Amino acid sequence: MAQKELLHQSLLQNISFTFSRSGGKGGQNVNKVNTKVHASIPLSKLEGLSEKETALLRLRLKNNINSEMELFIDADDERFQERNREIAVERLEGKILKAVIIPKKRKKTKPTAASKEKRLKNKKIRSLIKANRRVDL
């Protein structure tokens with residue numbers, strides 16, 4: 001949990017924002033105010049991640065990493081720049097946390113005796129239904 005908090009703090013300290021005009025809802029306001037947020041953070045500034053997690057992050061989020069090795073994201077959901085800024089930080093943190101999860105390996109199991117018996121029983125019933133459809137000449 002401490003690593004998650006460290007990651008959150010490093011995000012808040014090192015993230016840089018650029019703003020532009022956003023399409024979508026907002027009426028005339030959309031043509032005057034820069035509400036779209038482009039957030040980026042250099043991968044080297046991310047704290048709370050191990051070397052293995054950083055490598056996983058680079059591999060899984062390669063489409064969100066630019067040539068300067070910065071992880072970036074855009075947000076233009078809301079009419080307000082401040083809310084879009086919050087959304088961008090939340091999404092960035094969520095993407096990072098989701099990308100560094102290492103899934104557990106599946107343990108192979110064999111079907112139980114009861115499930116084998118049930119399958120064979122259903123197979124026999126199906127066979128009888130189809131056999132009864134046949135017309136003997």
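This structure is a prediction, so every number in the text was calculated from the model and none was measured.
Between atom CD of residue E53 and atom CG of residue L7 there is a gap of 9.0 Å, rounded to the nearest 0.5 Å. Rounding to the nearest 0.5 Å gives a distance of 6.0 Å between NZ of K95 and CG of L61. With values rounded to the nearest 0.5 angstrom, R91 atom CZ is found 14.0 Å from I96 atom CD1. The line from CD of E70 to OG of S16 is 5.5 Å long, rounded to the nearest 0.5 Å. For the atom pair CD of Q13 and NE2 of H8, the computed distance is 10.0 Å after rounding to the nearest 0.5 Å. Here CD1 of I87 is found 12.5 Å from CG of D74. Values are rounded to the nearest 0.5 Å.
In the hydrophobic cluster analysis, where Ile, Leu, Val, Met, Phe, Trp and Tyr join through side-chain heavy atoms closer than 4.5 angstrom, L43 is grouped together with V100. Both I73 and L46 sit in one connected hydrophobic cluster of ILVMFWY residues. Membership requires side-chain heavy atoms under 4.5 Å apart, directly or through other members. Hydrophobic clustering (side-chain heavy atoms under 4.5 Å, transitive across Ile, Leu, Val, Met, Phe, Trp, Tyr) groups L71 together with L12.
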I would like to know whether V33 and Q81 meet side chain to side chain contact (heavy atoms under 4.5 Å, CB included); could you show each step before the answer?
CA-CA 9 Å; V33 183; Q81 187 185 93; 5.8 Å; no
Yes or no on side chain to side chain contact (heavy atoms under 4.5 Å, CB included) for R119 and K121, after CA distance, side-chain angles and deciding distance?
CA-CA 5 Å; R119 182 182 61 83; K121 181 182 168 195; over 6 Å; no
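Within a 6.0 Å radius of CD in Q9, more than 12 heavy atoms belonging to other residues, nucleotides or ligands are found. Within a 6.0 Å radius of CZ in F80, other residues, nucleotides and ligands contribute 12 heavy atoms or fewer.
The two residues R58 and M69 have their closest heavy-atom pair at NE-CE, 3.4 Å. Across F72 and I65, no two heavy atoms sit closer than the pair CE2-N, 3.8 Å. When all heavy atoms of R60 and K98 are compared, the closest pair comes out as NH1-O, 4.3 Å. When every heavy atom of S10 is checked against every heavy atom of K45, the shortest pair comes out as CB-O, 3.7 Å. L11 and L92 make their closest contact through CD2-CD2, 4.0 Å (heavy atoms, listed as atom of the first residue, atom of the second, distance). Summarising the geometry of E93 relative to K4, their closest heavy-atom pair is OE2-O, 4.2 Å, with the distance given to 0.1 Å.
Side-chain atoms of N84 come within 3.5 Å of backbone atoms of E78 as a donor-acceptor pair (strictly under, hydrogens ignored).
Using a 4.5 Å heavy-atom cutoff, the side chains of T35 and F19 are not in contact.
If you run side chain to side chain contact (heavy atoms under 4.5 Å, CB included) between L49 and each of T54, L6, L97, L56, only T54 comes through.
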